[in-house]
There are 2 protein chains.
Amino acid sequence: MKLSEGVEQGLHCALLLAEAPAGVPLPRRVLAEHYGLPEAYLAKHLQALTRAGLLRATPGPSGGFRLARPADEITVLDVLEAIDGPASPFVCQEIRQQGTGAARPEECTRPCAIATVMVGAHQAWRESLRAVTLDQLVKRVPQTLRKRNRAKFGSDPAA
Amino acid sequence: MKLSEGVEQGLHCALLLAEAPAGVPLPRRVLAEHYGLPEAYLAKHLQALTRAGLLRATPGPSGGFRLARPADEITVLDVLEAIDGPASPFVCQEIRQQGTGAARPEECTRPCAIATVMVGAHQAWRESLRAVTLDQLVKRVPQTLRKRNRAKFGSDPAA
DNA sequence: GGGTCGTAGATACTGTATATCCACGTTAGA
DNA sequence: TCTAACGTGGATATACAGTATCTACGACCC
Ligand code: SF4
Ligand code: SF4
């Protein structure tokens with residue numbers, strides 16, 4: 001079981017966009033260079049985030065990506081599921097209905113205990129990620145680093 | 001992100017062993033046929049469970065696999081991590097220290113916020129699985145099915 | 001109004017990890 | 001001693017994450 005590497009890239013980029021002033025879109029090239037990431041691969045994830053309605057993309061010169069909503073309305077879970085998909089890592093193979101010891105259909109009317117446990121665990125995982133917003137993450141970024149980023153991307157709100 | 005298919009197979013087999021009477025080992029061939037699973041592949045997972053100390057394997061004629069401890073001392077998490085490994089699905093790539101916007105080492109003394117959130121989610125997931133034992137799962141198996149299994153594997157405790 | 005550049009978007013290809021299978025060696029019982 | 005079970009290693013097939021490339025669109029400049 002391994003989470004796509006794109007999730008971390010997407011989270012970092014979303015976090016950086018949350019740090020930057022609202023009106024200034026950052027092009028994917030800038031994002032890629034800022035973190036030393038392969039630009040083509042990052043493009044795929046930024047598209048996924050855009051399709052999910054988390055980012056807003058504007059083409060043309062001086063275009064780029066920016067958050068589609070306030071940073072306190074975007075959760076870590078939103079970003080993760082936009083990139084990695086909402087599916088549960090546990091996929092049922094209906095083992096109980098196969099082989100010589102197969103259960104009869106009338107014994108499978110209710111979801112089996114194993115599947116129930118796995119669904120519960122997945123929900124616990126999701127809840128834990130849903131509880132944190134980008135806004136909360138920004139506040140934990142070291143002050144010195146935040147200051148440098150603001151200087152880099154033009155912190156002047158009177159644009 | 002996808003969980004290994006072997007996890008479900010391992011869980012079903014462990015559950016069946018928990019249903020069967022304690023002293024009777026079941027050979028892997030019987031387990032495989034009971035659920036219609038590829039025997040060679042199942043062998044790999046049963047070995048993993050044995051190495052983890054959850055099952056006890058006895059070679060030779062009338063040998064097979066049985067639980068190494070009582071069913072109420074084996075959790076779903078035990079089985080899952082024995083087969084799929086204990087690693088967190090989120091692997092850190094240290095993105096923050098790369099690229100033109102790299103953070104300085106003195107800004108990375110504490111684990112970053114993103115990693116913290118992911119670790120927390122993983123722990124929530126594990127706790128949810130640790131809370132359920134094989135014994136509890138057995139009680140949720142339909143009575144008719146349980147009866148059939150006992151009849152099949154010899155329920156006589158006076159062996 | 002037309003040309004040009006810089007952006008996102010879509011598509012095709014490659015590499016790696018997972019799932020499956022097989023063949024041999026080892027151990028314990030009859 | 002022969003048989004039936006587990007143990008181990010490696011070869012093969014396949015699915016998916018990761019990579020590179022090409023196309024379409026919109027703003028800006030002339
Ligand atoms: S529903 Fe339960 S019994 Fe059926 S295949 Fe899934 S885990 Fe196994
Ligand atoms: S520790 Fe945090 S900042 Fe560093 S690579 Fe991991 S998620 Fe990113």
Side-chain angles (χ1 to χ4, degrees), chain A residues 1-10 13 17 23-33 35-68 80 82-85 87 89-91 93 95 159, chain B residues 1-10 13 17 23-68 80 82-85 87 89-91 93 95 153 159:
Chain A
M1 185 173 53
K2 184 170 162 288
L3 204 53
S4 166
E5 294 183 10
V7 170
E8 183 179 350
Q9 302 181 5
C13 289
L17 291 173
V24 184
L26 300 184
R28 72 181 181 199
R29 185 186 158 195
V30 171
L31 289 171
E33 287 178 353
Y35 287 121
L37 302 174
E39 184 179 343
Y41 188 34
L42 183 62
K44 185 180 289 189
H45 303 313
L46 291 173
Q47 284 171 34
L49 292 172
T50 305
R51 271 195 298 271
L54 301 178
L55 301 185
R56 183 169 188 88
T58 53
S62 75
F65 293 90
R66 64 193 133 160
L67 294 187
L80 189 143
I83 293 176
D84 200 60
F90 180 80
V91 285
Q93 303 170 73
I95 284 181
Chain B
M1 184 173 55
K2 185 170 159 289
L3 203 53
S4 167
E5 294 182 10
V7 170
E8 184 179 349
Q9 303 180 5
C13 288
L17 290 174
V24 183
L26 300 183
R28 70 183 178 201
R29 186 183 157 197
V30 172
L31 289 170
E33 287 179 352
H34 187 84
Y35 287 120
L37 301 174
E39 183 180 343
Y41 189 35
L42 183 63
K44 191 172 288 189
H45 302 313
L46 290 174
Q47 284 167 29
L49 293 172
T50 304
R51 271 193 297 270
L54 302 177
L55 300 186
R56 182 167 190 86
T58 53
S62 75
F65 292 92
R66 64 194 136 160
L67 294 186
L80 189 144
I83 293 176
D84 201 60
F90 180 81
V91 286
Q93 303 169 74
I95 283 181
F153 299 119

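Residue numbers begin at 1 in each chain, while the letters A, B, ... track the order of the sequences. Here the structure is a predicted model, which means the values were calculated and not measured.
Rounding to the nearest 0.5 Å gives a distance of 4.5 Å between CZ of B:Phe65 and CG of B:Leu46. A:Lys2 NZ to B:Ser4 OG: the interatomic distance, rounded to the nearest 0.5 Å, is 15.0 Å.
When each of A:Met1 and A:Arg29 is assigned the nucleotide of DNA chain C bearing its nearest heavy atom, the one mapping closer to the 5' terminus is A:Arg29. Between B:Gly60 and A:Ala40, the residue whose closest nucleotide on DNA chain D is further toward the 5' end is B:Gly60. If you find the closest nucleotide of DNA chain C to B:His45 and to B:Arg28, the one lying nearer the 5' end belongs to B:His45.
C:dA8 atom C1' lies 12 Å from atom CG of A:Leu55, rounded to whole Å. Here C:dC13 presents its P atom at 20 Å from OH of A:Tyr41, a figure rounded to the nearest Å. When the P atom of C:dG6 is taken as reference, atom CD of A:Glu33 falls 14 Å away, rounded to whole Å. Rounded to whole angstrom, the span from the CG atom of A:Asp84 across to the C1' atom of D:dC16 amounts to 11 Å. Going from atom CD of B:Glu39 over to atom C1' of D:dA4 covers 12 Å, rounded to whole Å. Straight-line distance from the CD atom of B:Gln47 to the P atom of D:dC6: 10 Å, rounded to whole Å. Rounded to whole Å, the distance from CZ on B:Phe65 to P on D:dA5 is 12 Å. In this structure, the CZ atom of B:Arg51 is 12 Å from the C1' atom of D:dG9, given to the nearest Å.
Listed nucleotides D:dG26, D:dG7, C:dA8 differ in distance to B:Thr50; the shortest reach to its side chain belongs to D:dG7. Of the listed nucleotides (D:dC6, C:dA19, C:dC21), C:dC21 has the atom at the smallest distance from the side chain of B:Pro38. Candidate nucleotides D:dC6, C:dA19, D:dC28 were compared by shortest atom distance to the side chain of B:Glu5, and C:dA19 ranks first. Listed candidates were C:dA28, D:dA5, D:dC28. Nearest to the side chain of B:Pro27 is D:dA5.
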*B:Phe153/B:His34 under side-chain contact (heavy atoms from CB on, under 4.5 Å): CA gap, chis, key distance, verdict*: CA-CA 11 Å; B:Phe153 299 119; B:His34 187 84; 3.9 Å; yes

*Apply side-chain contact (heavy atoms from CB on, under 4.5 Å) to A:Leu55 and A:Leu67, showing your working.*
CA-CA 5 Å; A:Leu55 301 185; A:Leu67 294 187; 3.6 Å; yes

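The phosphate of C:dT18 (OP1 or OP2) has no side-chain N or O of A:Lys2 nearer than 4.0 angstrom. For B:Thr58, no side-chain nitrogen or oxygen approaches OP1 or OP2 of D:dA5 to under 4.0 Å.
Smallest separation of non-hydrogen atoms from A:Tyr41 and A:Gly6: OH-N, 3.9 Å.
In terms of polar N and O atoms assigned as donor or acceptor, the side chain of A:Lys44 comes within less than 3.5 Å of the base of D:dT19 in a complementary pairing.
Among the atoms of the strands shown, only primed sugar atoms or phosphate atoms (P, OP1, OP2) are found under 4.0 Å from some heavy atom of B:Ser4. Within 4.0 Å (heavy atoms only), A:Arg56 reaches no atom of the nucleic acid at all. Using a 4.0 Å heavy-atom criterion, one finds that A:Gly64 contacts the sugar-phosphate atoms exclusively.
Residue pairs meeting the salt bridge (Lys or Arg N to Asp or Glu O under 4.0 Å) criterion with at least one member in residues 38-59 of chain B, sequence neighbours excluded: B:Arg28-B:Glu39.
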